[in-house]
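To keep things clear, I will list the structure first and then write my remarks on it.
The figures here come from the full heavy-atom set of this structure, side chains too, leaving out hydrogens, waters and symmetry mates. Just so we're on the same page: letters track the sequence lines, and every chain starts at 1.
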2 protein chains.
Amino acid sequence: MKNKRHSIKDIAAALNVSVTTVSFVLNGKAREKRISEEVTKKVLDYAKSINYKPNQLAQSLRTGRSKIIVVMVEDISNYFFSKLARIIEDIAYDKGYKVLFCSNENKDERSRDLINLFRERQVDAYVIVPSPGIQQDIAELVSDDIPVVLFDRYFPEIETNYVIIDNSEAVHKASQHLVDNSYKNIGFITISSSQTQMEARQRGYREAMQANNLKEFVLEVPFYEKNIEKVKELIKEYIAAQGLDAIFFATNYLTQIGLEVIRESYPEKINEMGIITFDDNDLFKIYFPPITAVSQPLEEIGEELMTTVLKMLKNASDKPYKNQKILSASLIERNSSFPNKSRA
Amino acid sequence: MKNKRHSIKDIAAALNVSVTTVSFVLNGKAREKRISEEVTKKVLDYAKSINYKPNQLAQSLRTGRSKIIVVMVEDISNYFFSKLARIIEDIAYDKGYKVLFCSNENKDERSRDLINLFRERQVDAYVIVPSPGIQQDIAELVSDDIPVVLFDRYFPEIETNYVIIDNSEAVHKASQHLVDNSYKNIGFITISSSQTQMEARQRGYREAMQANNLKEFVLEVPFYEKNIEKVKELIKEYIAAQGLDAIFFATNYLTQIGLEVIRESYPEKINEMGIITFDDNDLFKIYFPPITAVSQPLEEIGEELMTTVLKMLKNASDKPYKNQKILSASLIERNSSFPNKSRA
DNA sequence: TTGAAAGCGCTAACAA
DNA sequence: TTGTTAGCGCTTTCAA
């Protein structure tokens with residue numbers, strides 16, 4: 001049963017035709033190259049009978065294309081990214097592309113390593129959630145005419161394609177929703193980061209507070225603080241010190257920690273405090289109370305990313321395809337942001 | 001800036017040496033092949049100066065090895081799998097391997113497609129969560145001497161390496177925990193499936209009930225039911241009809257649906273009903289009440305998988321490495337399985 | 001101590 | 001209508 005792999009040469013030899021003929025037939029160029037019906041059929045039948053599979057490596061080496069797209073996110077185990085991964089995978093698969101997922105942990109060095117790794121393998125295109133300091137590396141990819149599209153965040157200083165959402169508008173709207181529900185001391189818990197998406201979210205919150213003449217309470221958790229207990233402590237103290245009656249968590253990760261803090265330290269508040277999280281998660285829907293969330297349009301993002309990549313792949317470098325898309329997030333209103341609703 | 005890729009030939013030409021010499025030096029064989037210090041240094045320096053990166057495709061084509069490991073799971077967006085993916089990715093990356101993740105959606109056709117796809121690319125090894133009907137395909141990989149290791153579930157009829165957990169023992173123990181906390185009408189909500197892991201879980205539950213002379217309440221949700229509303233309806237009715245005072249959800253997916261049902265239809269019960277879920281999730285920890293969960297040892301599984309794969313890769317086919325590992329899951333006791341504990 | 005050259009499996013320009 | 005052949009970039013045997 002140890003069926004050694006068959007090559008085009010094997011087929012050619014077995015059928016007494018040349019490799020060229022086989023190659024043409026196998027690549028569907030029989031018609032175009034006017035190979036006789038008879039030979040065509042013979043080749044096809046034989047290839048099928050021995051279960052011939054072309055060696056893609058050789059093919060890629062020859063053509064310079066690998067039919068592989070890399071999707072580099074911050075952390076593939078993050079709900080938002082993993083859901084998106086599935087959507088992207090499905091679209092790519094449909095179009096005959098394979099997708100390589102990887103996590104850069106938001107670290108520049110790892111991002112670089114990964115990009116280099118994939119360049120060595122002539123990956124065809126890159127979909128990247130960039131870590132803060134790889135602007136230069138991205139610029140290089142672009143200048144080397146390699147299709148790249150950024151998402152979630154981008155570098156305003158360089159000319160790239162990207163798909164993002166309007167973070168500030170989304171947060172502004174959601175903050176207003178809290179104001180409309182008569183919360184007064186609305187805190188915004190975020191991470192200290194100058195990445196575009198985080199800055200935009202904070203801006204959205206601040207604008208909303210200013211528009212309503214409310215005091216701004218922003219807690220910036222240190223970006224590199226990996227000690228969850230420390231983060232919990234910070235949040236716990238901040239809630240008490242500022243007497244917050246509502247909290248907007250700027251990332252899913254913070255929401256999880258925040259909810260844990262509330263459950264442990266202020267269990268009585270879980271049903272009165274207004275809570276909104278950025279980025280939805282299946283479990284927020286079934287939480288007690290269900291958590292109101294700013295939800296990014298996953299399907300839309302995935303489709304936009306893939307159509308962009310595929311178009312870039314198709315267009316020659318002399319007429320580059322340009323697409324800088326800003327999508328809108330939606331607010332999914334659940335009980336956690338209504339003071340009066342049944343909260344159980 | 002459009003720096004075309006450099007090849008070994010370019011280097012050889014620039015330095016007036018042969019490609020062989022360059023290849024030897026670049027592969028660290030300078031000593032072994034007694035290349036002069038001088039030439040060695042010259043080559044190394046030049047390669048560095050032009051930022052030379054070998055073409056891995058060509059390398060793989062030549063050597064037959066791609067340094068790629070495929071990890072095929074049911075759904076990469078599932079918490080368990082995505083967390084594991086990260087662990088595996090990190091280990092592989094350390095060892096100079098890249099990992100390709102993909103989701104087979106538990107469908108045989110997709111599994112086959114993917115396996116074929118990767119065989120064409122001479123992927124070095126496979127880590128697979130097999131869909132129900134691909135026993136034959138797995139057997140073929142094995143008989144072709146391609147390293148494969150299964151996990152989460154396996155095929156008892158074929159001789160493969162695998163890493164699984166003792167599902168029945170884990171569920172048995174967890175069920176006993178419910179009994180110990182004096183729940184009487186303990187339901188087991190699962191999916192109808194004859195896959196090893198699901199059968200083992202159900203067996204564990206049944207054994208525990210029998211050992212305690214308790215009635216068995218098993219609800220098997222149809223395996224292919226994609227309509228969540230239908231599933232909710234089934235669960236809702238089952239809870240009422242059987243008067244359950246505790247529920248064991250056999251998968252994370254069912255837990256999410258189940259919790260939604262309880263919140264919507266029996267909100268008063270959330271704090272009295274005993275609840276245990278199979279597979280933990282960060283959010284269960286912060287739920288109200290926090291949900292007791294059977295937790296699979298992710299790191300251990302990931303490490304075991306990778307050491308197995310790496311060993312298989314190293315061993316020649318005439319002395320195959322064998323490893324069929326059964327790990328233990330742990331029960332993380334949280335409030336949802338205690339009738340008396342403060343449930344908020 | 002270094003180089004020439006074959007060949008991994010494939011595509012495609014050119015020849016017949 | 002089909003075949004010959006160069007070459008993608010690399011490794012490695014054999015020769016010098």
key: N or O in side chain of B:Q59 less than 4.0 angstrom from D:dG9 OP1/OP2   = no
Whole angstrom value for the distance that separates C1' of D:dC10 from CD1 of B:I8 = 6 Å
Could I get a table of every N or O pair under 3.5 Å where one atom is in the protein and the other is in nucleotides 12-14 of chain D?
from   : atom 1 : to    : atom 2 : distance (Å)
D:dT12 : OP2    : B:K29 : NZ     : 3.0

query = Between C:dG9, C:dG3, D:dT4, which nucleotide gets closest to the side-chain atoms of B:V17?
reply = C:dG3
ask   = Roughly, in whole Å, what's the span from NZ in B:K53 to C1' in D:dC10?
value = 17 Å
Taking only distance into account, with no hydrogens and no angle test, what donor-acceptor pairs under 3.5 Å do side-chain atoms of residues 31-42 of chain B form with protein atoms, sequence neighbours excluded?
from  : atom 1 : to    : atom 2 : distance (Å)
B:S36 : OG     : B:V39 : N      : 3.2
B:T40 : OG1    : B:S36 : O      : 2.8
B:K41 : NZ     : B:D45 : OD2    : 2.6

request  = Step through the shown structure and confirm whether more than 12 heavy atoms of other residues, nucleotides or ligands are within 6.0 Å of CD on A:E109.
outcome  = no
B:S60 side chain near C:dC8 phosphate (N/O to OP1/OP2, under 4.0 Å) = no
For atom NZ of B:K67 and atom P of D:dT11, their distance in whole Å = 13 Å
By side-chain hydrogen bond (donor to acceptor under 3.5 Å, both in side chains) - contacts of B:T307 (at least two apart) = none
inquiry  = With a 4.0 Å cutoff (strictly under), does any side-chain N or O of A:S7 reach OP1 or OP2 of C:dG9?
reply    = no
request  = Check the distance between C:dT2's C1' and B:E38's CD and give it to me in whole angstrom.
outcome  = 13 Å
query = Whole-Å distance between C:dT1 C1' and B:K42 NZ?
reply = 13 Å
For A:T63, side-chain hydrogen bond (donor to acceptor under 3.5 Å, both in side chains) partners two or more places apart = none
Short side-chain N/O contact to D:dC8 OP1/OP2 from B:K9, under 4.0 Å = yes
message = What I want to check is whether the side chains of A:N323 and A:T308 have a donor and an acceptor closer together than 3.5 Å.
response = yes
Extract all donor-acceptor atom pairs below 3.5 Å that involve side chains of residues 90-97 of chain B and protein atoms in other chains or at least two apart in sequence.
from  : atom 1 : to     : atom 2 : distance (Å)
B:D90 : OD1    : A:R110 : NH1    : 3.1
B:D90 : OD1    : A:R110 : NH2    : 3.3
B:Y93 : OH     : A:D113 : OD2    : 2.8

request  = Grab the CD-C1' distance between B:Q122 and C:dC8 for me, whole Å please.
outcome  = 9 Å
task = Using only heavy-atom distances, determine whether the side chains of B:N55 and A:Q122 contain a donor-acceptor pair under 3.5 Å.
result = yes
request  = Return yes if a side-chain donor-acceptor contact under 3.5 Å exists between B:D108 and B:S131, otherwise no.
outcome  = yes
ask   = Can B:E89 and A:S103 be counted as having a side-chain donor-acceptor contact under 3.5 angstrom?
value = yes
key: Integer-rounded Å distance: C:dT2 P and B:E37 CD   = 11 Å
query = Taking five pairs at each end of the helix from C:dT1-D:dA16 to C:dA16-D:dT1, what angle separates the two helix axes (nearest 10°)?
reply = 50°
task = Measure the distance from CD on B:Q56 to P on D:dC10 and round it to the nearest whole Å.
result = 10 Å
message = Strictly below 4.0 Å: does A:Y52 bring a side-chain N or O up to OP1 or OP2 of C:dG9?
response = no
